[in-house]
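Please read these numbers as outputs of a predicted model, since none were measured by experiment. A, B, ... follow the sequence lines: proteins, then strands. Residue 1 opens every chain.
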There are 2 protein chains.
Amino acid sequence: MTRVLVVDDEPQIVRALRINLKARRYEVETAPDGASALHAAAHHRPDLVVLDLGLPDMEGVEVIRGLRGWTGVPIIVLSGRAGSADKVAALDAGADDYITKPFGVDELLARMRAVTRRAQPGDEAGPVITIGAHTVDFSTRTVTGGDHEVRLTPREWELLEHLARHPGKLLSQYHLLQRVWGPQYGTETNYLRQYMARLRRKLETDPARPRHLLTEPAMGYRFAP
Amino acid sequence: MTRVLVVDDEPQIVRALRINLKARRYEVETAPDGASALHAAAHHRPDLVVLDLGLPDMEGVEVIRGLRGWTGVPIIVLSGRAGSADKVAALDAGADDYITKPFGVDELLARMRAVTRRAQPGDEAGPVITIGAHTVDFSTRTVTGGDHEVRLTPREWELLEHLARHPGKLLSQYHLLQRVWGPQYGTETNYLRQYMARLRRKLETDPARPRHLLTEPAMGYRFAP
DNA sequence: CAGCCGCGTCAAAAACGCGTGAAGAAACCC
DNA sequence: GGGTTTCTTCACGCGTTTTTGACGCGGCTG
């Protein structure tokens with residue numbers, strides 16, 4: 001189920017969107033201002049953000065930048081201002097689409113489908129990988145093969161997904177912490193050590209000498225297919 | 001350079017877009033109708049399609065479907081019709097964005113940047129250099145080729161990167177120390193001797209007679225491609 | 001031809017980062 | 001509400017990397 005974060009300070013719009021989106025089987029979170037939007041995004045990891053630019057506490061563009069600093073989640077901007085400069089600023093800050101009020105709900109829904117459709121497959125590299133004797137399917141979040149059943153916790157899934165999404169690429173500890181734990185993390189390398197060890201114990205045939213979940217000392221980690 | 005295919009049957013719009021896009025250093029192809037648009041897309045493989053819905057020969061949605069049958073190229077739709085149903089149909093057929101006329105060129109350009117930004121990261125090619133039998137990729141920080149695996153430490157990477165960034169240029173010891181070790185360093189030439197020797201041992205075919213990591217006595221070091 | 005400077009090399013000390021175990025805190029699920 | 005899973009936090013040992021010091025060789029210079 002797609003999680004949507006709706007950021008708007010006008011209760012009636014929030015309410016209307018919530019009803020409409022829930023009817024379409026979206027999972028809806030809401031935030032009334034920029035600060036709580038950034039917080040909610042870090043906490044709930046939405047698959048899509050619908051952002052009203054007229055927020056009480058900060059510039060909409062700042063919210064976009066705050067999100068883009070650590071996540072590539074699709075952002076659709078709602079705005080009462082139809083000016084060209086506003087649109088350009090928001091889009092160049094990292095927004096994926098810009099809709100001016102008043103707008104039709106049908107159109108918003110269609111644009112939501114469009115940006116999520118585009119964002120999904122960008123995470124390339126088929127949704128299944130193999131590590132040692134195990135086959136990992138990200139679409140169903142299941143691990144098959146191996147001697148006995150393997151279950152991964154949410155954090156473990158997220159970390160493994162980020163690694164597997166960029167096969168062969170070196171990902172810095174900071175980068176991984178930002179993406180998996182959230183924007184306020186970046187130096188807690190002990191978390192990474194902990195969870196990499198767990199993934200290796202669960203997936204690698206010889207956890208002491210990993211062949212797929214590799215450490216690049218002082219630099220980061222790498223997934224080798 | 002980004003290749004754009006502009007599909008429109010109104011010559012003045014095509015002309016205006018062509019001029020504007022060329023000024024922004026886009027490579028522009030044009031097609032006046034749906035059939036030739038599909039043909040041009042197959043032939044020229046554009047990175048982006050700007051598609052007017054009011055074509056003489058076929059429905060705009062059909063053009064989108066025809067493209068989506070075999071390519072994921074970003075599609076931005078231009079249309080005179082502002083109706084919600086039209087937008088939904090186009091977006092659900094596979095379009096990435098929908099702009100209603102009249103539109104500002106700035107907005108179109110911003111939306112073009114937004115959709116290409118999404119589509120880009122799939123096709124990236126990192127900067128690579130070759131030293132002896134080894135191929136060094138800085139984007140993934142990997143060394144391939146050669147007899148056995150080569151691993152570089154962070155300092156080694158940084159030093160090699162600074163050398164490779166200015167191929168053929170002479171870099172003084174002071175300059176390298178400042179860049180790699182930090183502003184408070186500049187006289188510790190023994191560090192450089194140490195690390196240059198290590199890089200040569202790891203990468204050069206004959207470390208005693210380096211062919212790429214060269215010493216310029218009393219002056220500095222040079223990377224020869 | 002002798003002296004000097006800079007470079008490559010070796011070796012050892014210091015610092016750093018990683019893996020691991022264990023335990024408390026928090027969240028979650030009946 | 002109790003029990004279990006999951007997450008966070010801390011500390012220690014070990015291997016690797018970095019730093020540091022010292023030595024010998026070779027070319028340039030006087």
Side-chain angles (χ1 to χ4, degrees), chain A residues 42-45 141 143 149-163 170-182 184-204 206-222, chain B residues 141 143 149-163 170-182 184-204 206-222:
Chain A
H43 199 245
H44 295 298
R45 305 310 170 84
R141 291 216 159 176
V143 180
E149 191 194 12
V150 173
R151 292 176 12 93
L152 299 179
T153 72
R155 277 277 194 282
E156 288 166 1
W157 275 113
E158 216 160 337
L159 177 57
L160 181 60
E161 214 165 332
H162 275 275
L163 287 165
L170 171 68
L171 303 174
S172 71
Q173 293 100 330
Y174 180 83
H175 181 102
L176 287 171
L177 283 165
Q178 287 259 310
R179 293 297 197 280
V180 178
W181 270 265
Q184 64 268 39
Y185 294 83
T187 59
E188 295 80 353
T189 59
N190 44 337
Y191 293 10
L192 280 177
R193 295 207 299 272
Q194 192 71 28
Y195 276 85
M196 287 302 293
R198 291 183 184 191
L199 284 176
R200 291 203 259 245
R201 263 200 299 275
K202 290 185 177 181
L203 297 173
E204 293 272 8
D206 182 1
R209 257 185 314 286
R211 300 177 50 80
H212 300 93
L213 303 169
L214 307 179
T215 300
E216 300 287 341
M219 293 167 47
Y221 292 89
R222 183 200 307 277
Chain B
R141 292 217 160 175
V143 180
E149 190 194 10
V150 174
R151 295 194 47 245
L152 269 49
T153 71
R155 278 278 193 281
E156 288 165 2
W157 274 113
E158 219 161 332
L159 177 57
L160 181 60
E161 216 166 331
H162 276 276
L163 287 166
L170 171 68
L171 302 173
S172 72
Q173 292 101 328
Y174 180 82
H175 183 257
L176 285 172
L177 283 165
Q178 287 259 312
R179 301 287 170 162
V180 178
W181 270 265
Q184 62 267 38
Y185 293 82
T187 59
E188 295 81 350
T189 59
N190 44 337
Y191 293 9
L192 280 177
R193 294 207 299 274
Q194 188 74 17
Y195 276 86
M196 288 303 291
R198 289 164 70 155
L199 282 177
R200 290 202 261 245
R201 263 200 300 276
K202 288 185 177 180
L203 297 174
E204 292 272 8
D206 183 1
R209 257 184 316 286
R211 299 176 53 80
H212 300 93
L213 302 169
L214 308 179
T215 300
E216 300 288 341
M219 295 171 59
Y221 292 90
R222 180 199 308 278

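- Remark: B:W181 is in phosphate contact with D:dT19, judged by side-chain N or O atoms under 4.0 Å from OP1 or OP2.
- Contact check, A:Y221 against C:dG19: a side-chain N or O comes under 4.0 Å of OP1 or OP2.
- A straight line from CD of B:Q194 to P of C:dG8 spans 11 Å, rounded to a whole angstrom.
- Results of the side chain to side chain contact (heavy atoms under 4.5 Å, CB included) test with A:M196 over A:L160, A:L213, A:T215, A:L214 single out A:L213 as the only residue that passes.
- Whole-Å rounding puts the B:N190 CG to D:dT18 P distance at 15 Å.
- Atom CZ of A:R151 is separated from atom C1' of D:dT4 by 11 Å (rounded to the nearest Å).
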**Request:** Check step by step if side-chain contact (heavy atoms from CB on, under 4.5 Å) holds for A:E158 and A:R45.
**Result:** CA-CA 11 Å; A:E158 216 160 337; A:R45 305 310 170 84; 3.0 Å; yes
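- Nucleic acid contact class of B:E188 (heavy atoms, under 4.0 Å, all strands): none.
- Distance, A:E158 CD to D:dT6 C1': 14 Å, rounded to whole Å.
- To the nearest angstrom, P of C:dG17 lies 18 Å from CE of A:M196.
- Nucleotide D:dT6 holds its P atom 13 Å from the CG atom of A:L199, rounded to whole Å.
- Using a 4.0 Å heavy-atom cutoff across all strands shown, A:E156 reaches no nucleic acid atom at all.
- What separates CD of B:Q184 from C1' of D:dT19 is a distance of 14 Å, to the nearest Å.
- The side chain of A:R155 contributes an N or O atom lying less than 4.0 Å from OP1 or OP2 of D:dT8.
- Residue A:R200 places no side-chain N or O under 4.0 Å from the OP1 or OP2 atom of C:dT20.
- Between A:E161 and A:R141, the shortest heavy-atom distance links the atoms OE1-NH2, 3.2 Å.
- Between B:T153 and the phosphate of D:dT16, there is no side-chain N or O to OP1/OP2 separation shorter than 4.0 Å.
- When distances are taken from the side chain of B:R193 to each of C:dC10, C:dC7, D:dT18, the shortest belongs to C:dC7.
- Residue A:T189 places no side-chain N or O under 4.0 Å from the OP1 or OP2 atom of C:dG17.
- Of the candidates D:dT17, D:dT19, C:dG17, the closest approach to any side-chain atom of B:Y185 belongs to D:dT19.
- In this structure, B:R201 places its CZ atom 13 Å from P of D:dT17, rounding to the nearest Å.
- The base of C:dC7 has none of its N or O atoms less than 3.5 Å from a complementary donor or acceptor on the side chain of B:Q173.
- Shown here for B:R151 and A:P217, the closest heavy-atom pair between the two residues is NH2-CD, 2.8 Å.
- Summarising the local packing, CZ of B:R179 is surrounded by 12 or fewer heavy atoms from other residues, nucleotides or ligands at distances under 6.0 Å.
- Contacts of B:R198 with the nucleic acid, taken as non-hydrogen atoms under 4.0 Å apart, include base atoms.
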